[in-house]
**Student:** 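Take this structure first; my questions come after.
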Amino acid sequence: MSTIHPMQTGAAARTKNKNKPNPLGKQKVIDYMDIKFLNRFTNDQGRILPRRITGVSAYQQRRIALAIKYARHLALMPFVAQDIS
Amino acid sequence: MAERRRYETTLIINAALEDQEIDAVISKVTKYIEDNGGEVENVKNMGRRRLAYPINKKYNGCYVHIQFLASSEFQTIYNKFLILEDTILRHLNLDLPDALIDYRKQRDLEAGKATAEKAEEKSE
C-alpha cells in the first residue's frame with residue numbers, strides 16, 4: 001500500500017510493493033498425481049509460471065516444476081495446450 | 001542382503017485391451033517384482049482416462065499405480081522390463097518418500113470428509 005518515491009529504483013522499490021503471502025505456506029511435499037493443484041502453477045498454454053507470479057518459496061518452486069514435468073511425462077498434463085480458441 | 005527401499009511405479013497401459021488383459025499385465029508386473037526379491041505393498045487401478053497428448057497414436061490409457069519395496073540394483077532391470085513390454089505405453093518409476101505417503105493419506109481423508117459432508121447436506 002505504501003507509495004514508491006519516483007526516485008526510488010531497484011530492489012528497494014520492488015520489495016516495498018511485495019506484501020503477498022506465500023500461497024502454500026510451509027508445505028514441503030508436492031504430489032505429481034494431483035493435477036488440479038499443479039494446474040494453478042501453469043498458464044492456459046501449459047507453461048510453468050515463474051516464481052515472481054506464483055509467490056512460492058524457491059524450494060517449493062523447484063519441487064512444483066519437477067512435479068509438472070513428471071505429470072507431463074505421464075500425459076496427465078499437456079506439454080503444449082492445443083485447443084486455445 | 002541389499003537394503004530395500006520403497007518405490008512407486010505409475011504405468012499407462014493400452015486402453016484398447018479388455019479388462020482381463022489389463023489385469024493380466026498388472027499381475028505380470030507384480031509377479032516380476034516379487035520374483036526379483038521385491039515386495040508389493042499396494043496396487044491401485046485408476047481406470048481409463050484420456051491422455052493429455054497422444055502416445056504412439058493412442059488417445060486413451062489405463063493408469064495403474066504400484067507401491068513396492070525393492071533393492072536399488074533391481075531398478076535397472078525393472079526399467080528395461082517395463083520398456084520391453086508392448087502393452088505399456090509409458091511408465092514412471094520413482095523413490096517414494098514417507099512424507100508423500102502421509103500427504104496423500106491426509107488429502108484422501110480430507111476429500112472423504114468433504115464428500116461425507118456433501119452427502120449429509122443432501123440427506124438433510
Side-chain angles (χ1 to χ4, degrees), chain A residues 15 17-85, chain B residues 6-16 29 42-67 79 82-83 85 87-112 114-115:
Chain A
T15 49
N17 250 2
K18 193 186 175 185
N19 44 18
K20 193 169 67 176
N22 186 338
L24 293 188
K26 285 190 173 175
Q27 184 185 336
K28 273 197 165 180
V29 195
I30 310 289
D31 187 3
Y32 66 93
M33 304 286 275
D34 195 348
I35 317 301
K36 255 188 194 168
F37 172 78
L38 291 178
N39 265 334
R40 284 165 47 192
F41 303 99
T42 58
N43 65 7
D44 47 5
Q45 266 187 326
R47 302 175 76 162
I48 302 171
L49 293 173
R51 198 154 78 84
R52 65 168 187 274
I53 295 171
T54 59
V56 299
S57 75
Y59 181 89
Q60 289 164 338
Q61 178 76 14
R62 287 199 300 271
R63 290 307 186 89
I64 288 167
L66 192 63
I68 290 174
K69 285 164 190 174
Y70 286 149
R72 282 174 179 168
H73 175 77
L74 285 172
L76 297 167
M77 289 175 89
F79 281 98
V80 182
Q82 276 139 8
D83 33 76
I84 301 172
S85 52
Chain B
R6 185 168 280 118
Y7 292 92
E8 61 172 342
T9 303
T10 315
L11 306 171
I12 308 179
I13 300 173
N14 190 351
V29 174
N42 192 13
V43 180
K44 200 167 101 187
N45 190 341
M46 290 182 284
R48 292 175 171 82
R49 57 174 289 165
R50 200 178 164 78
L51 304 176
Y53 53 90
I55 300 175
N56 298 347
K57 296 179 185 172
K58 291 172 184 73
Y59 290 87
N60 291 294
C62 180
Y63 283 78
V64 179
H65 187 260
I66 304 171
Q67 184 181 323
N79 277 323
L82 291 177
I83 291 168
E85 200 65 35
T87 48
I88 297 173
L89 301 177
R90 275 286 160 86
H91 70 271
L92 180 68
N93 191 25
L94 290 176
D95 194 285
L96 182 60
D98 291 342
L100 187 54
I101 301 175
D102 296 342
Y103 175 73
R104 280 179 181 157
K105 252 185 204 167
Q106 196 158 6
R107 198 186 57 200
D108 290 347
L109 270 179
E110 280 167 11
T115 49

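Every chain is numbered from 1 and lettered A, B, ... according to where its sequence line falls, protein lines coming before strand lines. The analysis underlying the following values was restricted to heavy atoms, covering all of them including side chains, and did not include hydrogens, waters or symmetry mates. Here the structure is a predicted model, which means the values were calculated and not measured.
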**Student:** Does the side chain of B:Thr10 pick up a donor-acceptor pair with the side chain of A:Tyr32 at under 3.5 Å?
**Tutor:** yes
**Student:** For the OH atom of B:Tyr53 and the CZ atom of A:Arg72, what is their distance to the nearest 0.5 Å?
**Tutor:** 9.5 Å
**Student:** A quick test of your reading: do over 12 heavy atoms of other residues, nucleotides or ligands sit less than 6.0 Å from CD of A:Gln27?
**Tutor:** yes
**Student:** Pick whichever of A:Pro78, A:Gly46, A:Ala71 has the most heavy-atom pairs under 4.5 Å with chain B.
**Tutor:** A:Pro78
**Student:** Quick check on B:Lys44: does its NZ atom have over 12 non-hydrogen neighbours (other residues, nucleotides or ligands) under 6.0 Å away?
**Tutor:** no
**Student:** Count the heavy-atom pairs under 4.5 Å between each of B:Glu8, B:Met46, B:Arg49, B:Arg50 and chain A, then report the option with the highest count.
**Tutor:** B:Glu8
**Student:** Can you see which heavy atom on B:Ala99 is nearest to which on A:Val29, and at what distance?
**Tutor:** CB-CG2, 3.8 Å
**Student:** For B:Tyr59, is the OH atom crowded, meaning more than 12 foreign heavy atoms sit under 6.0 Å from it?
**Tutor:** no
**Student:** Roughly how far, to the nearest 0.5 Å, is NE2 of B:His65 from CE of A:Met33?
**Tutor:** 5.0 Å
**Student:** So what's closer than 4.5 Å to chain A heavy atoms on B:Leu11: side chain, backbone, both or neither?
**Tutor:** neither
**Student:** Find the distance between CG (A:Leu74) and CD1 (B:Ile12) and round it off to the nearest 0.5 Å.
**Tutor:** 5.0 Å
**Student:** Side chain, backbone, both or neither: which part of B:Ile55 has a non-hydrogen atom closer than 4.5 Å to chain A?
**Tutor:** side chain
